Amino acid sequence: VAMAHLAWRLAQRWCPSSLQVISFPVVQLHLNRTAMRASQKDFENAMNQVKLLKKDPGNEVKLKLYSLYKQATEGPCNVPKPGVFDLINKAKWDAWNALGSLPKETARQNYVDLVSSLSSSLESSSQVEPGTDRKSTGYETLMVTSEDGITKIMLNRPTKKNALNVEMYHEIMHALKAASKDDSAITVLTGNGDYYSSGNDLTNFTDIPPGGVEEKAKNGAILLREFVGCFIDFPKPLIAVVNGPAVGISVTLLGLFDAVYASDRATFHTPFSHLGQSPEGCSSYTFPKIMSPAKATEMLVFGKKLTAGEACAQGLVTEVFPDRTFQKEVWTRLKAFAKLPPNAMRISKEIIRNREKEKLHAVNAEECSVLQGRWLSDECMNAVVNFLSRKSKL
Ligand SMILES: CCCCC/C=C/CC(=O)SCCNC(=O)CCNC(=O)[C@H](O)C(C)(C)COP(=O)(O)OP(=O)(O)OC[C@H]1O[C@@H](n2cnc3c(N)ncnc32)[C@H](O)[C@@H]1OP(=O)(O)O
């Protein structure tokens with residue numbers, strides 16, 4: 001009954017995408033403006049690079065470019081929401097508005113990073129900025145760059161609050177495997193836009209294969225186990241730069257990171273019971289160890305949302321920074337860390353992690369098996385239907 005309800009709700013929700021009709025020149029029009037100051041040279045270069053792209057990067061990317069440009073030049077969205085039938089302007093407004101209070105300088109940096117990744121994946125005729133070893137890749141849901149000894153993996157679905165869809169799970173695994181072998185000293189995971197991540201993309205539950213919901217749940221558990229396994233086994237220092245609110249699996253995984261730096265705008269929320277689900281990311285083991293069993297229960301069982309300060313007091317977060325100076329302070333620190341001898345760091349991490357590895361893999365397997373059952377429960381299906389039919393939000 002729940003599945004029939006879900007299918008009906010979804011049929012109501014889906015409509016043809018309005019974004020198909022957004023044309024590339026619409027973005028270019030905005031990028032051609034010349035109101036940049038000399039100190040924004042990178043930003044200007046990036047705008048010029050966009051004009052040199054040989055291939056259309058697609059509507060989703062164009063919306064990202066547009067929103068970052070607006071945020072970088074005008075700050076948070078400050079114009080009235082267009083009417084529901086003004087599809088193009090509404091899509092653009094939504095993309096800009098989704099960036100929330102993202103600082104102008106961060107938007108500029110994100111714009112430059114995005115253009116840098118496009119220049120490589122879409123064969124720009126211009127050169128990548130000389131003097132850096134920045135690399136970009138053709139990921140759909142991530143921006144991955146490597147510079148100053150740091151590989152940065154940025155979750156890049158800001159209009160969906162960086163919810164993890166199936167493609168993103170695969171791309172993160174791919175990026176982690178590549179980072180484990182590249183010549184960077186440390187690896188950083190962060191989010192683009194106003195959220196770090198809103199956790200599992202709840203639309204992951206909607207694409208039911210021929211084998212039905214049982215097969216869906218089984219495949220989900222296999223994917224989740226492999227995904228979390230990549231974090232358990234990651235060999236280099238892995239740092240989370242939590243730029244905004246974090247939900248669900250993006251929170252639980254933090255227990256597997258080597259350090260967690262958070263903006264004071266970040267919050268930490270694991271509403272598993274509300275969603276009819278159960279903990280993953282090894283949090284049923286790491287959280288009670290990090291913060292005491294009772295505090296872990298408040299988060300994982302009762303869904304208590306923590307501020308960054310509270311998460312720091314409980315050991316989940318290493319240090320909190322004011323949002324205004326967050327990026328500058330954190331990246332200065334990370335660049336200093338990345339200059340330390342990489343082999344020493346890797347070996348020190350190994351000796352810490354090896355004591356726990358077997359246990360962590362066993363916990364991961366058990367959590368995935370329990371979740372597989374939870375995903376088939378009425379409690380979980382009803383929670384997903386309620387979100388997708390816009391009856392509920394966290
Ligand atoms: C392989 C499977 C592994 C599974 C592992 C299991 C993990 C467990 C979890 O991670 S549980 C956590 C799941 N996450 C949620 O329940 C969050 C749901 N989202 C929300 O409640 C809200 O969106 C919000 C509070 C995060 C943000 O609210 P706000 O009002 O600020 O923004 P919008 O709701 O308008 O969001 C903008 C658009 O983004 C879409 N979106 C946001 N989060 C998700 C998500 N988790 N899944 C799917 N879609 C999400 C939202 O629907 C909006 O889309 P729209 O613009 O098309 O309407």
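Counting starts at 1 for both ligands and their atoms, in listed order. Not measured: the values here are computed from a predicted model.
- Here is the list of ligand 1 atoms found below 4.0 Å of a heavy atom in Thr159: 37 (C), 38 (C), 39 (O).
- Here atom 47 (N) of ligand 1 lies nearest to Leu202 when heavy atoms of Leu202, Asn204, Thr270, Val166 are compared.
- Residue Gly199 has at least one heavy-atom neighbour below 4.0 Å for each of these atoms of ligand 1: 10 (O).
- Taking every non-hydrogen atom of Ala163 and a distance limit under 4.0 Å, the qualifying atoms of ligand 1 come out as 44 (C), 45 (C), 46 (N), 47 (N).
- Ligand 1 has no nitrogen or oxygen under 3.5 angstrom from a nitrogen or oxygen of Tyr169.
- Classification of the His274-His269 ring pair by plane angle, with boundaries at 30° and 60°, yields perpendicular.
- When Met168, Arg157, Lys160, Gln277 are checked for heavy-atom proximity to atom 41 (N) of ligand 1, Lys160 turns out nearest.
- Side-chain polar atoms of Tyr169 and Asn200 form a donor-acceptor pair below 3.5 angstrom.
- Close approach of ligand 1 to Gly220 is summarised as follows: ligand atoms under 4.0 Å from at least one heavy atom of the residue are 1 (C).
- Ligand 1 lies within reach of Leu223, whose nearest heavy atom is under 4.0 Å from it.
- Between Asp182 and Thr151, the side chains place a donor N or O and an acceptor N or O closer than 3.5 Å (distance only, hydrogens not considered).
- Distances below 4.0 Å separate heavy atoms of Ile249 from the following atoms of ligand 1: 7 (C), 9 (C), 10 (O).
- Using a 30° and 60° split on the angle between ring planes, Phe257 and Phe231 fall in the tilted class, from 30° to 60°.
- The closest approach between Phe227 and ligand 1 stays at or above 4.0 Å for every heavy atom of the residue.
- Ligand 1 places these atoms under 4.0 Å from at least one heavy atom of Gly248: 9 (C), 10 (O), 11 (S), 12 (C).
- When the heavy-atom distances from atom 11 (S) of ligand 1 to Asp94, Leu224, Asn200, Leu275 are ranked, the shortest goes to Leu275.
- Thr106 contributes atom OG1, which lies 12.0 Å from atom CZ of Arg324 (distance to the nearest 0.5 angstrom).
- Separating the CG atom in Leu155 from the CG atom in Leu189 is a distance of 4.5 Å, to the nearest 0.5 Å.
- Arg353 contributes atom CZ, which lies 11.0 Å from atom CZ of Phe234 (distance to the nearest 0.5 angstrom).
- Summarising the geometry, atom CG belonging to Leu316 is positioned 6.0 Å from atom CE belonging to Met299; distances are rounded to the nearest 0.5 Å.
- Of the candidates Ala246, Gly193, Ser198, Ser198 brings a heavy atom nearest to atom 14 (N) of ligand 1.
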Between side-chain atoms of residues 331-342 and protein atoms elsewhere (two or more places apart, or another chain), which donor-acceptor pairs fall under 3.5 Å?
from: Trp331; atom 1: NE1; to: Gln327; atom 2: OE1; distance (Å): 2.9
from: Thr332; atom 1: OG1; to: Lys328; atom 2: O; distance (Å): 2.6
from: Arg333; atom 1: NH1; to: Glu319; atom 2: OE1; distance (Å): 2.7
from: Arg333; atom 1: NH2; to: Glu319; atom 2: OE1; distance (Å): 3.2
from: Arg333; atom 1: NH2; to: Glu319; atom 2: OE2; distance (Å): 3.2

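- Heavy atoms of Asp201 approach ligand 1 to within less than 4.0 angstrom.
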| request: Show the numbers, then the answer: is there a side-chain contact (heavy atoms from CB on, under 4.5 Å) between Lys160 and Ser198? | output: CA-CA 8 Å; Lys160 297 291 177 189; Ser198 62; over 6 Å; no

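- Distances from ligand 1 to the non-hydrogen atoms of Phe205 include no value under 4.0 Å.
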